[in-house]
Colleague: 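Here it is, the structure, as structure tokens.
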Amino acid sequence: MSVYRGPLAGSASLTINGEAWNVVGELQWQPSGDVNETLKGQSTVEGFQSMPGQGFIQATLRDRRDRKVSDFQGASGLEVIAVLANGKVITVVDGWQVEQINLNTQEGTFELKVESATVTEDTAS
């Protein structure tokens, strides 16, 4: 078994509905899938339950003169694709924007969080 010696972290690119956006700060993500929760009774740990869980992608993006950030507030039907330095491709299918969008005018940035029932992780070839 060989150990991968290429880039592991650092740069990331992001598109929203096919349109490129500049990632300025942290890009975080979580895959969708089952979420287990421990079930406890008064006398013992009884087991667990499994429920479906949404995934998300969240990034600090640069505000742009040619796009209204307010168009993202409450948006749905979003396809978000992130390509990470380590070669992973994170895809959000039919996502929806959550939380309030706050703009930082000194840096010209805003944080966007998109959740979905389908957030997948692949490796670019």
Side-chain angles (χ1 to χ4, degrees):
M1 179 175 152
S2 65
V3 176
Y4 176 72
R5 298 288 183 201
L8 299 175
S11 63
S13 64
L14 185 107
T15 61
I16 303 169
N17 293 344
E19 183 176 49
W21 283 82
N22 290 331
V23 178
V24 180
E26 286 286 323
L27 187 149
Q28 300 176 349
W29 69 281
Q30 174 181 302
S32 55
D34 290 342
V35 177
N36 296 336
E37 182 179 334
T38 301
L39 297 175
K40 299 179 267 186
Q42 291 184 348
S43 58
T44 188
V45 174
E46 299 170 344
F48 69 94
Q49 72 173 359
S50 186
M51 297 287 285
Q54 80 280 11
F56 74 85
I57 195 162
Q58 177 175 316
T60 302
L61 306 177
R62 183 76 67 198
D63 191 11
R64 294 174 24 181
R65 183 182 179 125
D66 65 330
R67 291 288 281 128
K68 291 173 63 176
V69 173
S70 57
D71 289 345
F72 287 127
Q73 188 66 55
S76 60
L78 300 173
E79 179 185 72
V80 182
I81 299 173
V83 179
L84 310 182
N86 62 6
K88 288 188 177 181
V89 178
I90 311 306
T91 304
V92 176
V93 178
D94 197 21
W96 52 89
Q97 180 273 336
V98 295
E99 303 178 2
Q100 290 293 113
I101 298 175
N102 297 306
L103 270 71
N104 175 336
T105 59
Q106 183 172 352
E107 298 294 326
T109 59
F110 65 100
E111 186 123 338
L112 183 69
K113 184 172 185 179
V114 177
E115 294 184 351
S116 173
T118 306
V119 179
T120 59
E121 166 187 19
D122 297 298
T123 303
S125 52

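Both backbone and side-chain heavy atoms feed into the values below; hydrogens, waters and symmetry mates do not.
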Colleague: So if you build clusters from Ile, Leu, Val, Met, Phe, Trp, Tyr with side-chain heavy-atom gaps below 4.5 Å, do Ile57 and Trp21 land together?
Modeller: yes
Colleague: Enter the distance from Lys88:NZ to Trp29:CH2 here, rounded to the nearest 0.5 Å.
Modeller: 5.5 Å
Colleague: Can you name the salt bridge (charged side-chain N to carboxylate O under 4.0 Å, His left out) partners of Arg64, sequence neighbours left out?
Modeller: Glu19, Asp66
Colleague: Is Val23 linked to Val89 within one hydrophobic cluster, defined over Ile, Leu, Val, Met, Phe, Trp and Tyr using a side-chain heavy-atom separation of less than 4.5 Å?
Modeller: no
Colleague: List the steps, then state whether side-chain contact (heavy atoms from CB on, under 4.5 Å) holds for Ile16 with Leu61.
Modeller: CA-CA 11 Å; Ile16 303 169; Leu61 306 177; 4.1 Å; yes
Colleague: Using a 6.0 Å cut-off, check whether atom CG of Asn17 has over 12 heavy atoms from anything other than its own residue.
Modeller: yes
Colleague: For a side-chain contact (heavy atoms from CB on, under 4.5 Å) check, start with the C-alpha distance between Gln73 and Gln100, then their side-chain angles and the critical distance, and finish with the verdict.
Modeller: CA-CA 7 Å; Gln73 188 66 55; Gln100 290 293 113; 3.6 Å; yes
Colleague: Sequence neighbours left out, what passes salt bridge (charged side-chain N to carboxylate O under 4.0 Å, His left out) with Glu107? Give chain and number order.
Modeller: none
Colleague: For the pair Leu84 and Leu27, evaluate side-chain contact (heavy atoms from CB on, under 4.5 Å) and give the outcome as yes or no after the intermediate values.
Modeller: CA-CA 9 Å; Leu84 310 182; Leu27 187 149; 4.1 Å; yes
Colleague: Can you check whether Leu112 reaches Gln97 side chain to side chain, under 4.5 Å on heavy atoms?
Modeller: yes
Colleague: Go through it in stages, so that I can follow the logic: the residues are Val45 and Thr38, the test is side-chain contact (heavy atoms from CB on, under 4.5 Å), and I'd like the CA-CA distance, side-chain angles, deciding distance and then a yes or no.
Modeller: CA-CA 7 Å; Val45 174; Thr38 301; 3.7 Å; yes
Colleague: Decide whether Val80 and Phe110 are clustered together by the hydrophobic rule: side chain heavy atoms of Ile, Leu, Val, Met, Phe, Trp, Tyr closer than 4.5 Å, transitively.
Modeller: yes
Colleague: How close do Arg62 and Thr109 get, heavy atom to heavy atom, and via which atoms?
Modeller: NH1-CG2, 3.5 Å
Colleague: Testing the basics here: between Asp34 and Ser50, what is the closest heavy-atom pair and its distance to 0.1 Å?
Modeller: CB-OG, 3.4 Å
